[in-house]
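All remarks here apply to the structure that follows.
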Amino acid sequence: MMLIKPLSIVDIPDLLTIETAANPYPWTEGVFKSCFGSQYFNFGIFDNEQLLGFYFGQFITVESQLFNICVSRDQQGKGLGGKLLAHFISQSELRDATEAWLEVRASNHSAIHLYSKFGFIEAGVRPNYYSSTSGKEDALMMCLPLRFSN
């Protein structure tokens, strides 16, 4: 049975395995460890006890930020990214965020399509933000306006 539940430091080895296989420029153990402070909300999607995917979000004042969302390579294309993104949005709303933000590689068309499907709109570009095989790559900044729940 699939379940989305909070992540903890003990999940870092599994996070690293998924992240390293799925991303050419993966997060390090240190980056994962640094994202377990009180302002972060991090969840994984599990099948029984096996981690299949995850996201890392941060909430500050009135905005949430999606820092990382990743699904195990062998589980991609099964809708898990959408489930995780929907969960991130609902967690942002629970925290009374007025906007949710993310950055995505300009070449990551499947992620851009997913984010757009959920209502994210392009709000700007960070030129030469990401490392890439050709040197540097732009990041698209995307924003999702949220209803204030108070």
Do [X] and [Y] have side chains that approach each other closer than 4.5 Å (heavy atoms only, starting at C-beta)?
X	Y	value
L52	M2	yes
F46	M1	no
T98	P145	no
L85	L66	yes
I45	K83	yes
F54	L7	yes
F41	F88	yes
M142	I121	no

Original post:
Mind checking whether F67 and Y40 have parallel, tilted or perpendicular rings, split at 30° and 60°?
Top reply: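 Geometry flag for Y40 against F67: tilted rings.
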
Atom [atom1] in [X], atom [atom2] in [Y]: separation rounded to 0.5 Å?
X	Y	atom1	atom2	value
L140	L102	CG	CG	9.5 Å
S8	N42	OG	CG	10.0 Å
D11	E49	CG	CD	9.5 Å
L94	S64	CG	OG	11.0 Å
L84	F43	CG	CZ	10.5 Å
I112	F120	CD1	CZ	13.0 Å

Using every non-hydrogen atom in the two residues, find where [X] and [Y] come nearest and quote the distance to one decimal.
X	Y	value
L114	G82	CD1-CA, 3.9 Å
C70	N23	SG-ND2, 3.9 Å
S72	I18	N-CG2, 3.6 Å

Please lay out, stage by stage, how V62 and D96 fare under the test side chain to side chain contact (heavy atoms under 4.5 Å, CB included). CA-CA 7 Å; V62 297; D96 291 333; over 6 Å; no

side-chain hydrogen bond (donor to acceptor under 3.5 Å, both in side chains) filter on E99, not counting sequence neighbours, yields W101

Can you hop from [X] to [Y] via hydrophobic side chains spaced under 4.5 Å?
X	Y	answer
I4	L51	no
F118	L144	yes
F56	I9	yes
V10	F32	no
V71	Y25	no

Report task. Run the numbers on E63 and R95 for salt bridge (Lys or Arg N to Asp or Glu O under 4.0 Å), then give the verdict. Result -> CA-CA 9 Å; E63 293 179 0; R95 288 161 173 78; over 6 Å; no

*Scan side-chain atoms only and decide if D14 and Q50 contain a donor-acceptor pair under the 3.5 Å cut-off.*
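D14 vs Q50: no donor-acceptor pair found between side chains.
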
Partner of P26 under side chain to side chain contact (heavy atoms under 4.5 Å, CB included), picked from T20, V31, L16, is T20

message: Checking N68 against E19 for the side chain to side chain contact (heavy atoms under 4.5 Å, CB included) test, could you report, in this order, the C-alpha distance in whole Å, the side-chain angles of both residues, the deciding distance, and whether it holds?
response: CA-CA 9 Å; N68 192 344; E19 175 80 357; 3.2 Å; yes

Step by step, would you call W27 with C35 a side chain to side chain contact (heavy atoms under 4.5 Å, CB included)?
CA-CA 11 Å; W27 276 15; C35 291; 4.0 Å; yes

Applied to residues 114-126, the side chain to side chain donor-acceptor pair (under 3.5 Å) test, sequence neighbours excluded, yields E103-R126

Residue pairs passing the side chain to side chain donor-acceptor pair (under 3.5 Å) test with at least one member in residues 52-61, sequence neighbours excluded, are Y55-H87

TODO: Show your working on side chain to side chain contact (heavy atoms under 4.5 Å, CB included) between S131 and E137 and close with a plain yes or no.
DONE: CA-CA 6 Å; S131 295; E137 179 178 356; over 6 Å; no

Establish, for the pair K136 and Y130, whether the NZ or CZ atom is under 6.0 angstrom from the six-membered ring centre and no further than 45 degrees off its axis. no

Within 6.0 angstrom of K33 NZ, more than 12 heavy atoms from elsewhere: no

